[in-house]
Amino acid sequence: MHFQWDWLCLGVLIIGSVTAEIENEEILGADVEVEDFDKQSQEADVDEDESSLGIVYQTPKPTGEVYFTETFDGVLTGWILSKTKKEDTDDNIAKYDGRWEVEELKENTVRGDRGLVLKSVAKHHAISTMLTKAFIFDNKPLIVQYEVNFQEGIDCGGAYIKLLSSSNDLNLEYFFDKTPYTIMFGPDKCGEDYKLHFIFRHKNPKTGEYDEKHAKRPDVDLKKFYLDKKTHLYTLVLKPDDTFEMLIDQTVVSKGSLLEDMVPPVNPPREIEDPADKKPDDWDERPKIPDPNAVKPDDWDEDEPSKIEDLDAVKPKGWLDDEPQYVPDPNAKKPKDWDEEMDGEWEAPQIPNPKCETAPGCGIWVRPMKNNPKYKGKWKAPMIDNPNYQGIWSPRKIPNPDYFEDSHPFEMTAVSAIGLELWSMTSDIYFDNFIICSEKEVADRWAADGWGLKKLVASANEPGMFSQLVTAAEDHPWLWVLYVLTLALPIGLGVLFCWPAKKTDEDIEFKKPAISKAITKGEIKQDREELEDDEIDLEEEKDNEDIVEDERREPEETKGELVKDTQKMEREASPSEDEGEGVEDIDEEEENGVADGGQEEGDKSNKSGSEDEMKEDDEIDSFTAGYGLWQY
């Protein structure tokens, strides 16, 4: 039983700890000064460095064919800041003047590992660079992968990238929101809307125009990736079989088909509703109509009200007809600044009449209303099936003049550049370790050398459970109550079920007879019979005084025999025991002598637990009780 309670207490403690850890989330904002972008290009001469945890960092190097890589660990070359303005925006915020910097992570720093950091708040940012080699969508998969860390959480802003479409007039100095792109991928959040974008621009083969196709939202909860201030790995995989996968930290969070899981669909419907078709005037869409042959019954009275006065009601006794329900507050006083010319005549505010509190009611008594049994309401003809029902009208279908079928939407416009075009209300968004390739093994190895190392350092720096519980309680003080109850419950149960119980007088009296085991069974039976006879004789003594005188001689003789027997047993049990005590101390001497001399036999009887020995205990009780009764 105690073992089960221990496990119950342990389970309660674990549940309380998990609850506290789930509650340990918070968004922090920080005001970071805008720093000059010219300082970001400082050269990192050392590719290797050792962290405080003894981890040696090496700049990741691709192990296979790649189209683009960037670690930001060396000189920032090839990246171009946009010099243009955002269209259809106020001039004071239209310019892409948000600042960038190359620096290490604020927390869980890996010495020597640096990334590109968005530094400005409430500004437009745009930076881009050309790929090492343009990616052409033919028979190889496209894998895009990079790291993001929302170091200050995220209020409203994005961390997505754009793969810019190849074109002869592509000028990265004029990169802005209208610059043609082929794919947009990455996290975005505003308010409580957490998104992971995958958008591709599909070219209409008939018109040549481009339409954005959005992947359906992932089914998983993305909130933790935006708020835990950890570095997360975002991966997009597009395959030549027209399928895609989106992964966070190398775990698939969404996958589907480019043909079936995009909104709007890649291919338009074969047929559309004829815009020139119109519903005929005599088209009847009513499934039910009033019965034209129905007639209102003669006894149907539409003028009967739904409620009538209850004539059987009687005014309650004690009703105060002359007392109003509300009276002026007698304690109210006109304000000193009350101007009767401006504010009018002052009147005390109304309060409930105190006399009405103990009465059934005040004011003029009115009979209550009840439902009118004669009320039927306005008569309406019953509804019947419409014999002319033609169903719900819809326009006829005609072939879609804009229909086309693109059976292979993977064949998108080639990409030759990558860019970040972002607006954010939170600073210090960290980007690192971009890679574009076609082989999963290459991307996984790249992730292991970069993101894997960050993850290892973050895990090593993770605070202990106690620190997390204290931090959670600081943010949510009510958790202290949960902690106290969680700790007090097992302690209280332990005290309740494990603390030794105090022996009661009943337990002591129950165990006392065990010391008299030295008395033989035959002696007890004989003494018991003699004492029973004595009790009967004593009762008869009350009725006849002469008989009492004769009957007392026999108890005297019995008493002498009992004394001799008891003294004999004491001498056998303890020879050193004093035998000179008077008759009135026999009880005490008997208990002490029997306790010393019969302890060994008493212990043996406790171990055996036989039914005969239990009977002897009962007989000893009877003997002791009878002896005391006879003595007094």
Side-chain angles (χ1 to χ4, degrees), residues 190-194 214 216-217 219 221 263-265 268-332 334-335 338 340 342-398 400:
C190 198
E192 290 300 315
D193 189 11
Y194 300 87
H214 297 248
K216 295 179 181 179
R217 297 175 70 98
D219 294 331
D221 184 8
V263 180
R270 291 179 177 272
E271 293 183 333
I272 60 172
E273 295 179 348
D274 185 0
D277 192 14
K278 296 182 180 180
K279 182 174 70 173
D281 295 336
D282 59 349
W283 189 276
D284 196 342
E285 294 180 334
R286 300 173 300 165
K288 297 282 186 178
I289 60 172
D291 185 359
N293 299 321
V295 180
K296 182 175 70 172
D298 296 336
D299 59 349
W300 192 284
D301 189 354
E302 295 182 349
D303 297 330
E304 284 287 347
S306 60
K307 298 283 186 178
I308 58 175
E309 288 186 352
D310 185 1
L311 300 178
D312 297 330
V314 178
K315 183 172 66 174
K317 294 182 179 180
W319 189 280
L320 305 178
D321 297 89
D322 299 331
E323 290 290 341
Q325 293 185 354
Y326 292 92
V327 295
D329 185 358
N331 298 324
K334 183 173 67 173
W338 186 274
E340 294 189 356
M342 298 292 296
D343 303 324
E345 184 180 356
W346 180 82
E347 295 181 358
Q350 299 286 308
I351 61 171
N353 191 341
K355 296 181 180 180
C356 300
E357 294 179 359
T358 57
C362 293
I364 300 175
W365 181 78
V366 179
R367 284 190 173 87
M369 304 296 287
K370 68 175 184 179
N371 292 330
N372 185 0
K374 298 180 180 180
Y375 172 74
K376 295 183 179 181
K378 186 174 179 61
W379 183 84
K380 295 180 180 179
M383 304 297 288
I384 61 173
D385 293 335
N386 184 2
N388 299 322
Y389 176 66
Q390 296 174 277
I392 303 300
W393 182 87
S394 60
R396 63 174 176 267
K397 299 288 187 177
I398 60 173
N400 185 358

>> Distance alone, cut at 3.5 Å: any donor-acceptor contact between the side chains of Asn371 and Lys307?
In response: yes
> Could you state the interatomic distance from CD (Glu304) to CG (Asn372), rounded to the nearest 0.5 Å?
Replying inline: 5.0 Å
>> Would the distance check show the side chain of Trp283 and the main-chain N or O of Ile392 forming a donor-acceptor pair, the cut-off being under 3.5 Å?
In response: no
>> Could you report the tightest heavy-atom contact between Ala359 and Gly318, atom names first, then the distance?
In response: CB-O, 3.8 Å
> Got a second to check how far Lys370's NZ is from Ile308's CD1, nearest 0.5 Å?
Replying inline: 5.0 Å
> How long is the gap from CH2 on Trp300 to NZ on Lys378, to the nearest 0.5 Å?
Replying inline: 11.0 Å
>> On a heavy-atom basis, which atom in Pro305 and which in Tyr375 lie closest, and how many Å separate them?
In response: O-CB, 3.4 Å
> What distance separates Glu285 CD from Gln390 CD, expressed to the nearest 0.5 Å?
Replying inline: 9.0 Å
> How far apart are the closest heavy atoms of Trp393 and Pro280, and which atoms are they?
Replying inline: NE1-CD, 3.7 Å
> What distance do Asp277 atom CG and Ile398 atom CD1 have between them, rounded to the nearest 0.5 Å?
Replying inline: 9.0 Å
>> As a quick check of understanding, evaluate salt bridge (Lys or Arg N to Asp or Glu O under 4.0 Å) for Asp193 and Arg217, giving each step before the final call.
In response: CA-CA 11 Å; Asp193 189 11; Arg217 297 175 70 98; 2.9 Å; yes
> Should the heavy atoms of other residues, nucleotides or ligands under 6.0 Å from CG of Asp219 be counted, would the total exceed 12?
Replying inline: no
> Can Arg396 and Glu273 be said to form a side chain to side chain contact (heavy atoms under 4.5 Å, CB included), step by step?
Replying inline: CA-CA 6 Å; Arg396 63 174 176 267; Glu273 295 179 348; over 6 Å; no
> Take atom OH in Tyr326; do more than 12 heavy atoms of anything else shown fall under 6.0 Å from it?
Replying inline: no
> Is it true that Asp385 and Lys288 have a side-chain N and a carboxylate O under 4.0 angstrom from each other?
Replying inline: yes
>> Looking at every non-hydrogen atom in both residues, tell me the closest pair between Pro354 and Val327 and how far apart they are.
In response: CD-CG2, 4.2 Å
> Given the rule in the side chain to side chain contact (heavy atoms under 4.5 Å, CB included) test, do Lys376 and Asp301 qualify, once you have shown the distances and angles that lead to the verdict?
Replying inline: CA-CA 7 Å; Lys376 295 183 179 181; Asp301 189 354; over 6 Å; no
> Going through the distances and angles, do Lys334 and Glu340 end up as a side chain to side chain contact (heavy atoms under 4.5 Å, CB included)?
Replying inline: CA-CA 10 Å; Lys334 183 173 67 173; Glu340 294 189 356; 3.4 Å; yes
>> Tell me whether Trp319 contacts the main-chain N or O of Ile364 through its side chain, where contact means a donor paired with an acceptor under 3.5 Å.
In response: no
>> Evaluate Asp310 against Met369 for side chain to side chain contact (heavy atoms under 4.5 Å, CB included), listing each step before the verdict.
In response: CA-CA 6 Å; Asp310 185 1; Met369 304 296 287; over 6 Å; no
> Can you tell if the side chain of Arg270 reaches within under 4.5 Å of the side chain of Asn400, non-hydrogen atoms only?
Replying inline: no
> What is the distance from atom CG of Asp291 to atom CE of Met383, rounded to the nearest 0.5 Å?
Replying inline: 10.0 Å
> Counting heavy atoms not belonging to Glu302, are there more than 12 under 6.0 Å from its CD?
Replying inline: yes
> Does atom CD of Glu347 have more than 12 heavy-atom neighbours from other groups under 6.0 Å away?
Replying inline: no
> Is a salt bridge present between Lys355 and Glu323, judged by a nitrogen-to-oxygen distance below 4.0 Å?
Replying inline: yes
> Only one of Leu320, Asp321, Val314 clears side-chain contact (heavy atoms from CB on, under 4.5 Å) with Trp365; which?
Replying inline: Asp321
